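These values consider heavy atoms only, across backbone and side chains, with no hydrogens, waters or symmetry-generated copies. The model shown is predicted, which means the values in this text are computed figures rather than measured ones.
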Amino acid sequence: ETGPAETGTAPLTTKLVHEWLWSKSPMPPGPTPRLVSLDAYRGLIMLTLLCGGLFRPLKDRPGWHWLSVQNEHAEWEGCVYWDLIQPAFMFIVGVAMPFAFAVRSSRGESRAKQFGHVLIRAMSLTLVGVLLDNFGATTWSFGFIRVLQQIAVGYVLTFFVLGRTLLVQGGLAGIILIGYSVVWVSNPWNGPDGPWAMGGENLGKAFDRWMIGRNYTGNYVGLNAIPATANMIFGVMAGQWVLTSRSPQRTTLGLAVAGLLAILVGLAMSPVMPLVKRIWTPSFAVYSAGWTTLVLAAFYWLIDVVGWKRWGFPLVVVGMNSIAAYVIGNAFGGWFRSLSQAWVAWLVDPLGPIGFPIFQRGLFALAAWSALYWLYRRRLFVKL
């Protein structure tokens with residue numbers, strides 16, 4: 001698994017491919033440095049959720065529709081910024097895994113003990129997700145389309161690729177996506193319009209009716225956790241690349257090239273299987289992984305390589321307490337807007353029907369950030 005020896009005259013691209021294919025285990029001895037850029041990236045995603053679709057009210061505003069559509073999921077085919085939020089969650093968890101388990105290995109933890117930690121964390125994520133699903137509900141329900149439950153499934157499966165070469169990891173991600181595609185296309189429950197049709201019958205819907213006795217709204221399916229696991233594996237590959245790469249410049253270039261290639265491959269797949277986030281088509285998995293990798297490359301270059309860290313501090317505050325931020329956003333967003341109505345209602349007329357909702361969403365994001373900053377200053381971080 002060490003591959004052929006490099007030559008000093010080999011082209012840079014050949015060296016990159018060589019390192020991608022033959023990179024060693026991400027479990028070096030001793031502590032690993034904290035990746036500040038990853039905290040900032042995680043903070044960007046969490047702050048986006050805390051803003052709650054900040055620019056959605058601009059939908060009917062002339063000249064601003066393009067910004068509004070980036071704040072809500074595509075109706076079916078296509079991909080906008082909001083569609084990349086959950087893939088970014090999965091990807092970021094994957095990036096962090098080589099670093100986290102390198103620390104555990106340096107403490108002398110056995111593989112069995114590490115797997116026990118994985119199972120406990122997966123159960124904790126599932127429990128928190130189910131509790132949030134039922135927060136404020138009148139009847140109890142159980143489901144697997146929330147990102148926390150999807151991460152729980154992917155976290156367990158992805159653990160088994162830690163320490164493998166990038167070639168093995170990428171191959172396993174490919175097997176997951178190819179195998180999933182074959183089963184999805186060939187199953188007997190597909191509707192007359194085909195397996196990728198909006199609102200049509202498919203394997204995911206049939207599985208959900210068998211598992212929980214119902215289908216989810218919005219044409220989402222619980223089986224998304226399977227192709228989404230590939231996004232987490234791609235994240236592990238990126239994290240391992242950062243952890244073991246030879247130089248910051250090579251690290252950034254490798255991430256950028258991999259991201260661009262993934263976007264191109266996803267687009268090339270789309271005529272056969274469309275980009276659909278709601279059923280997490282394999283083409284969407286690859287395409288979204290490309291974008292999340294590019295964003296990681298940009299954050300890594302600016303923060304960890306160039307050293308421009310001050311601009312990212314507000315994001316780091318959120319990113320280092322992502323579970324707390326997620327719970328605050330999902331449990332208290334609506335409550336905050338309702339409670340604050342009496343105090344800010346006088347701004348409805350001055351701000352208008354577009355400006356006032358934007359103001360309320362921004363006010364909640366500011367309040368949530370202030371609470372997270374209070375926790376940050378006291379070094380209080382919620383961990384699962």
Side-chain angles (χ1 to χ4, degrees), residues 13 16-17 20-21 23 41 45 73-74 76-95 97 145 147 150-151 153-155 157-158 161 164-186 194-198 202-204 220-221 223-242 253-298:
T13 53
L16 281 175
V17 172
W20 283 341
L21 296 182
S23 181
Y41 186 6
I45 301 305
H73 293 300
W76 191 247
E77 292 187 31
C79 181
V80 297
Y81 175 73
W82 204 258
D83 292 318
L84 295 174
I85 299 300
Q86 188 170 344
F89 266 113
M90 308 294 291
F91 180 81
I92 288 171
V93 171
V95 174
M97 288 180 74
I145 61 170
V147 66
Q150 301 259 313
I151 288 175
V153 174
Y155 198 66
L157 297 177
T158 303
V161 307
R164 308 299 181 181
T165 65
L166 297 181
L167 177 62
V168 171
Q169 293 168 346
L172 289 174
I175 290 172
I176 289 174
L177 295 179
I178 293 172
Y180 187 79
S181 301
V182 171
V183 175
W184 186 276
V185 170
S186 61
W196 316 114
M198 178 179 178
N202 54 51
L203 176 65
Y220 293 97
V221 297
L223 280 180
N224 283 353
I226 303 302
T229 296
N231 288 75
M232 193 175 291
I233 294 176
F234 292 141
V236 168
M237 294 171 68
Q240 179 170 323
W241 174 254
V242 173
L253 181 60
L255 291 173
V257 171
L260 289 172
L261 286 176
I263 290 173
L264 293 175
V265 171
L267 289 174
M269 296 166 65
S270 62
V272 179
M273 56 180 72
L275 301 173
V276 184
K277 190 267 179 189
R278 293 174 186 265
I279 55 174
W280 213 290
T281 56
S283 59
F284 174 78
V286 176
Y287 179 80
S288 60
W291 280 110
T292 54
T293 304
L294 282 182
V295 176
L296 176 64

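- Aromatic ring pairs are classed by plane angle as parallel below 30°, tilted from 30° to 60° and perpendicular above 60°; the pair W196 and W184 is parallel.
- A donor-acceptor pair shorter than 3.5 Å can be found between the side chains of S288 and N231.
- A heavy-atom distance below 4.5 Å is not found between the side chains of Q240 and T165.
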- Step by step, would you call K277 with N224 a side chain to side chain contact (heavy atoms under 4.5 Å, CB included)? CA-CA 9 Å; K277 190 267 179 189; N224 283 353; 5.8 Å; no
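- Contact annotation: the side chain of L294 approaches that of L260 to within less than 4.5 Å [non-hydrogen atoms, C-beta and beyond].
- Residues C79 and Y287 form a side-chain contact, since some pair of their non-hydrogen atoms from C-beta on lies under 4.5 Å apart.
- The shortest distance between side-chain heavy atoms of T158 and T229 falls below 4.5 Å.
- For the pair I92 and L296, the minimum side-chain heavy-atom distance is 4.5 Å or more.
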- When you look at L255 and V242, which way does the side chain to side chain contact (heavy atoms under 4.5 Å, CB included) test go after all the steps? CA-CA 9 Å; L255 291 173; V242 173; 4.0 Å; yes
- Message: Run I151 and M90 through side chain to side chain contact (heavy atoms under 4.5 Å, CB included) and show every step you take.
- Response: CA-CA 6 Å; I151 288 175; M90 308 294 291; 3.4 Å; yes
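- When side chains are defined from C-beta on, M97 counts as touching Y155, because their heavy atoms get closer than 4.5 Å.
- Remark: side-chain polar atoms of R278 are paired, donor with acceptor, to backbone N or O of A74 under 3.5 angstrom.
- Annotation: side chain of I176 is in contact with side chain of I233 (closest heavy-atom distance under 4.5 Å).
- A 4.5 Å side-chain heavy-atom check between W280 and L177 finds every atom pair outside the cut-off.
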